[in-house]
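Accompanying notes for the structure given below.
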Amino acid sequence: MSQPVETPAAAPAMEPLFGEPDKPVRKRRSRAKELLEGSNEPQREAVLHEGSPLLVVAGAGSGKTRVLTRRIAYLVSERDAHPGSILAITFTNKAAAEMRHRVADIIGNRARIMWVSTFHSACVRILRAELHRFGYAREFSIYDDADSKRLMQLVCSDLGLDPKRHPVRKVLNWVSNCKNDLVDHESAGSRAGLGEESYPEAYAQYQLRLRKASALDFDDLIMLTVHLFQAFAEVREHYRRRFRHVLVDEYQDTNHAQYVLIRELCGPSDAGAAAPAPTDQEAPQEGAIDPPELMVVGDSDQSIYAFRGATIRNILDFSTDFPGARTIMLEQNYRSTQTVLSAANAVISHNDGRPAKNLWSAAGDGDRIVGYVADSEHDEAQFVASEVRELVEQGRGTYGETAVFYRTNAQSRAFEEVFIRTGVPYRVVGGVRFYERKEIRDVIAYLRAIANPADDVSVRRILNVPKRGIGDKSEGAIDALAQKAGIPFSEALRRASETALAPGSVKKITGFVDLIDEHRQLVADGAPAHDVLASILDRSGYHAELQGSKDPQDETRMENLAEFLAVAEEFATQASTVDLDGAGAEPNLVGAPEPDPSLPAFLERIALVADSDQIPDAESGGVVTLMTLHTAKGLEFDTVFLTGCEDGILPHQRTLTDPGELAEERRLTYVGITRARKRLYLSRAVSRSAWGAPQHNPPSRFLGEIPDRLMDWRRLGSAVTSWQNSSATARYRERNRIEGFASRVDSPRAKKSIELAVGDKILHTSFGLGTVKKITGSGSNAKAEVDFGSMGAKLLAVQFAPIEKLD
DNA sequence: TCGCGGCGCACTCTC
DNA sequence: TGCGCCGCGA
């Protein structure tokens, strides 16, 4: 949890700004010199001097972020840009922290007043200062995904939506898409293009509830900022003047709302229709100010967030969106071997309608890509574990420079089991998220209820946690009162005596109100977040309840809470020295620039920080990193294991029917492959247990797209041999599509050699994994009685049944 | 009002 | 497989 604070002096050794990252780091001075004198590569040089707007299209590993960093340093050093006038937007907080480090390494302490943050953090800052214009209270809660889902659940049941036909998740996604496309709920009903159901009422109700709770969800952060800019010309103008340089990393992952935000900020001046026309001849220059300079960097092949509303359109249409824009392409890769790149190129080239691009590397061919076909996911994990150990023992790699990627979080389990058993040190990034654990959410709800009295969702969550005798009945009565009087739930709690509840119940409720009030006072007195947290854990009885429990689970809960408390304390000390957005030292930024360790600031911080921001530094970790392909973006490792290369896993089952989604899966694979510097492993499992029942998937179609000469197959599946032959790939794929997985294990050759004994494990195309219970007859007459678990016992003709024997 | 046990369902990816 | 919800008994 302890990310390095922004202390340039203590910054870890960093990569050079360009050139091979593997080379020993040169001294800071020479690097700065190199920066200012330019590099030997003309395109990179051009990135510095090229005007605005500027689009840099760069392949994986070509140092996109480095180029962006360079431009910032150039602006400050050569063009005397005030660092406070620079806004750099990155995709994750982690990336923002890294960028601040890099810039600080070149221009020193002045980098501290640069504004580097994610879209969401930037918007929160602006909203804190400006949202009162829309009538919001200054303290608003920020709802994460789980909160939004909970809220939408209430809405759906209010509207009587059948959860079978209209799952909460689906409704929420629809609403989220509307917001990302800036379609407000009044016009959402007539929204065309989605084809499926639309939920304008749910949208309206959901927004109403959010509004009542003084809460914003993630999509609101962007949407409302855009609305602010559009509704108040002076606000828009203020930020256009304040930011003279706007730089956006990972532009391919921006959605429509984010694009409009950038356009409002950096578009041509006359775009602001609301701005008063300069008819007054006395002050013609007033208000006539050039838009901020804009530079965006991206790679359309790495767009992997379409499901969240990101649209590649933004990068393809950049030059139309921003007239006069120039484009620079960077195609040299400084990260990977040519072998790795060729594989990546081969896969991505199967996507239609992408601009031609061919990455090349000067790093040499390097090792071939190792392929492995495992029998099961355990076998796959076993292979990865032993391979990692071997690399480390032979001194060819370190744990910290090794990563294991998978498509879904659920796949991490097999690796964890085997890694624990074999003693390979590892760390899972993401997965069951820290902030999604029950106990953490509980205390966050406490903190929110204290900070934002209107936050009904949070108040009701902790009303009876820990148990204090306020049950459904009491809650219902209070809720009825709140509805009747039109007041927030927390307000109704104070008037509990007006209900028909028993005096005992009223007393319990009063006790709860007092508890919250007491801590609200604590906050008002300026107590830092961790003090409030520690107090509420104690006074609410939450701590005591866990302590008294005999459930071993509660022990880990205690540990988690202790860690959370540590996070809060760390936040307080950080906040008092440096602002996490790097904006704290800027006096005239927005509203309250002073870093503050207060409770609202802490809540804001934890709402916006994703767990994947806590990826340990690869160099210092010394442990193998396990993560999903999505979180892998922007990272790189010497050795990469890309696991689960199966149709149904990667590409994911739900994407197989949609060419557009399939293209995104291919880009995801591309991202995974290009994370590898030196060694790449591709593995798949013939059989994989998915919630209980074994399931067997055909090899990923993406595997067949990689030329044979690049591959070194360490082990092939026992029964399947033809699929990796590229000439057979198309046929295989076709056959597979028609027959489903039935064609995978019935190769004639495999059948001939099958000999079964009692106790053998076999794989049947229809029944799945089974155990041989009894054998009768022999040779071609052999029959086997096989127990297929939940599928029952079957009698099979060994010679003809579509089965495969497992080791 | 609470606690327990049985059952049914769930797994994309994330700021 | 494990989590969350529901219904029941105390």
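A quick note: this is a predicted structure, and the numbers were derived from the prediction, not measured. Below, chains carry the letters A, B, ... as their sequence lines are ordered, and counting in each starts from 1.
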Taking only N and O in the side chain of [X], is any of them less than 4.0 Å away from OP1 or OP2 of [N]?
{"X": "A:T92", "N": "B:dC15", "value": "no"}
{"X": "A:N464", "N": "B:dC2", "value": "yes"}
{"X": "A:N409", "N": "B:dC11", "value": "no"}

Please tell me which of A:K508 and A:E665 maps to the more 5' nucleotide of DNA chain B, matching each residue to the nucleotide holding its nearest heavy atom. A:K508
Rounded distance in Å - [atom1] ([X]) to [atom2] ([N]):
{"X": "A:R308", "N": "B:dC15", "atom1": "CZ", "atom2": "C1'", "answer": "5 Å"}
{"X": "A:L261", "N": "B:dC15", "atom1": "CG", "atom2": "C1'", "answer": "14 Å"}
{"X": "A:E436", "N": "C:dG4", "atom1": "CD", "atom2": "P", "answer": "11 Å"}
{"X": "A:E545", "N": "B:dC2", "atom1": "CD", "atom2": "P", "answer": "10 Å"}
{"X": "A:Q258", "N": "B:dC15", "atom1": "CD", "atom2": "P", "answer": "12 Å"}
{"X": "A:Y305", "N": "B:dC15", "atom1": "OH", "atom2": "P", "answer": "6 Å"}
{"X": "A:R437", "N": "C:dG4", "atom1": "CZ", "atom2": "P", "answer": "12 Å"}
{"X": "A:I649", "N": "B:dC13", "atom1": "CD1", "atom2": "P", "answer": "11 Å"}

What's A:F119 touching, base or sugar-phosphate or nothing? Going by heavy atoms closer than 4.0 Å.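 Nothing, no nucleic acid heavy atom in range.
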Looking at the side chain of [X], which of [options] is the nearest nucleotide?
{"X": "A:R413", "options": "C:dT1, B:dT1, B:dC15", "value": "C:dT1"}
{"X": "A:F218", "options": "B:dC15, B:dC13, B:dT14", "value": "B:dC15"}
{"X": "A:D145", "options": "B:dT1, B:dC13, B:dC15", "value": "B:dC15"}
{"X": "A:F307", "options": "B:dC13, B:dC15, B:dT1", "value": "B:dC13"}
{"X": "A:K467", "options": "B:dT14, B:dT1, B:dG3", "value": "B:dG3"}

Measure up the A:F307 and A:Y305 rings against each other and bin them: parallel (under 30°), tilted (30 to 60°), perpendicular (over 60°).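 A:F307 and A:Y305: tilted rings.
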When the ring planes of A:W174 and A:Y203 are compared, do they come out parallel, tilted or perpendicular, using 30° and 60° as the limits? perpendicular
Is the cationic atom of A:R313 (NZ for Lys, CZ for Arg) positioned less than 6.0 Å from the six-membered ring centroid of A:Y259 and within 45 degrees of its normal?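 Yes.
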If you draw the axis of the six-membered ring of A:Y136, does the NZ or CZ of A:R128 fall within 45° of it and under 6.0 Å from the ring centre? no
A:D299/A:R354 salt bridge by N-O under 4.0 Å criterion: no
